[in-house]
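Shown next, in structure tokens, is the structure this report addresses.
Chain A is the first sequence line, chain B the second, and so forth, proteins listed ahead of strands; every chain is numbered from 1.
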2 protein chains.
Amino acid sequence: MSRIAYVNGRYLPWRDAGVSIEDRGYQFSDGVYEACEVRDGRIVDWPRHAARLSRSLSELRIREPMPMVSLYVVLREVIRRNRVSYGIVYLQVTRGVARRDHAFPAGDVAPSLVVNARKLNFERNQQTAAKGIAVITVPENRWERVDIKAVSLLPNVLARQAARERGAYEAWFVDRDGFVTEGAASNAWIVTADGRIVTRANGPGILAGITGQVLRDVIAALQLRLEERPFSLAEAYAAREAFVTASSQIVMPVVAIDGQPVADGMPGPVALRLRDEFHRFSHFS
Amino acid sequence: MSRIAYVNGRYLPWRDAGVSIEDRGYQFSDGVYEACEVRDGRIVDWPRHAARLSRSLSELRIREPMPMVSLYVVLREVIRRNRVSYGIVYLQVTRGVARRDHAFPAGDVAPSLVVNARKLNFERNQQTAAKGIAVITVPENRWERVDIKAVSLLPNVLARQAARERGAYEAWFVDRDGFVTEGAASNAWIVTADGRIVTRANGPGILAGITGQVLRDVIAALQLRLEERPFSLAEAYAAREAFVTASSQIVMPVVAIDGQPVADGMPGPVALRLRDEFHRFSHFS
């Protein structure tokens, strides 16, 4: 657990790191977030996370709490104070504190900014990747604007909990037409029998993952074949490989879907290769 | 603004009323709430609110933070300490504080409980009711479990803000089939040309409003005709009356929908009568 957090202008010990009960993040889930991988104390792909954060804020018309270059300094300071070499830095911006009323507060309410960081166990993550993870599928039941990285994550919480209770790590949402949209906290990918890598194109219905964006560069550089289109659950069941992408997991092989093994039930070579190559194409800052 | 809030076991001055940055309400909107009208310092229809709260918690498998009878004592104490005669008491329960991870925390994490209360201006509310309010309509875009009174209210926030920007007070969600589901923070009702009162039956797609529940008793007692079924936007445009129900507004006449007057653009007699009679059928505790 992170021991020092940045909260609205101050670096605070954990026990003091709090927000008002009338913070709109708490009462309305009226806020957005980013979570970035930290490697060797540096932030992976910060420029892309910053661009997505700007877009999320813009879509909700929440003011940027500070210039992105200053936010970067805060992130680095939180990483430093928590001595995180490998881990995650998390930031959350909400519309700020105001008397409870659904509509935006009148006047110039300052947005809230919270940043924390924590260590992850690198070896354990590598071991997980070497074994692969299981996913389940659940009906897509989220709101329409999941392209905004908002903290209104209750459906994702319930989906992840359902996965855990069925012995899996992630849940994939499946829309009414039988197509996988994305995971509860990751993007979904398959490799077809003839070696094409398939993932949904960014747009309505999914969050544009940063890891997935970088992975497109990796795939292009390695001259692998990519198809950006929805894939069906039936295709996923029949896939040669499957994997998920997320900042905390990079490329994580999926070895079972709904209790059925993917191919031979072992992590696939494409997923493992993409995982190995990934950080050659990442930006570190 | 409320000056004293109850936060996890303590009555705190407003400036100290905070929750952890890792409260799951803040990071995941993993919590529920209730807002009850206060009249003469008493809570209106508390048993029904308590029952709905129990259901919301049960649906999300969040433990009750304390027995409902104790919660009632806390609510009354917050009302008393804030000297609220007429107003609103608000309570929020979240899954508690835990290291960020979508799935439910392992072990016995205590749920968080926050209660605050604030005065409303009775005369101003009566004046608003005498004039009626305008509503706009927006496409239904929320998640499927809006029957749970959860704090994942971002779509509602955006709908209410859209209403304000179009000179209205409330937004009604309209589903793909052209039927009104409910308001962003209220239930939606119309009175047809031949005097039938129409509102959607409780069930998937809407939150079962407490004020609406009590109003069904009022309607039955007054021997008015009620039809519990979805009504279309076209029916709403052609209605003789329209109104919304919510704990903070009781029965509030709607005099315009999408900029078009409802009938003659004045509050209707059925809505005003139901508003007048309402508290004869309410429970006070």
Find the one option among [options] whose heavy-atom pairs under 4.5 Å with chain B are most numerous.
options	answer
A:Val7, A:Leu60, A:Val146	A:Leu60
A:Ala17, A:Gly31, A:Ala163, A:Ser20	A:Ala17
A:Arg160, A:Gln27, A:Glu140, A:Arg145	A:Gln27
A:Leu153, A:Asp101, A:Ile88, A:Thr94	A:Leu153

* To do: Rounded to the nearest 0.5 Å, what's the gap from NE2 on A:His102 to CG on B:Leu154? Could you check?
  => 11.0 Å
* **Value rounded to 0.5 Å, distance of CG in A:Asp30 from OG in B:Ser152** => 12.5 Å
* **Which portion of B:Glu165 sits near chain A, non-hydrogen atoms under 4.5 angstrom** => side chain
Sort [X] into side chain, backbone, both or neither according to what part of it lies under 4.5 angstrom from a heavy atom of chain B.
X	value
A:Ser248	neither
A:Asp23	side chain
A:Arg164	side chain
A:Val157	both
A:Tyr33	side chain
A:Ala184	backbone

* For B:Arg63, does the CZ atom have more than 12 heavy-atom neighbours from other residues, nucleotides or ligands under 6.0 Å away? -> yes
* Asked: Stepwise, does the side chain to side chain contact (heavy atoms under 4.5 Å, CB included) test hold for B:Trp14 with A:Glu22?
  -> CA-CA 10 Å; B:Trp14 204 251; A:Glu22 282 202 321; 3.3 Å; yes
Donor-acceptor check, side chain of [X] to backbone of [Y], threshold 3.5 angstrom: yes or no?
X	Y	result
B:Gln92	A:Tyr26	yes
A:Gln161	B:Phe104	yes
A:Arg118	B:Arg100	yes

* Asked: Should A:Trp143 and B:Leu158 be marked as a side chain to side chain contact (heavy atoms under 4.5 Å, CB included) after you check the CA-CA gap, both sets of side-chain angles, and the distance that decides it?
  -> CA-CA 12 Å; A:Trp143 77 312; B:Leu158 298 178; 4.0 Å; yes
* Asked: Can you tell which of B:Val151, B:Asn156, B:Ile148, B:Val19 has the highest number of heavy-atom pairs within less than 4.5 Å of chain A?
  -> B:Val19
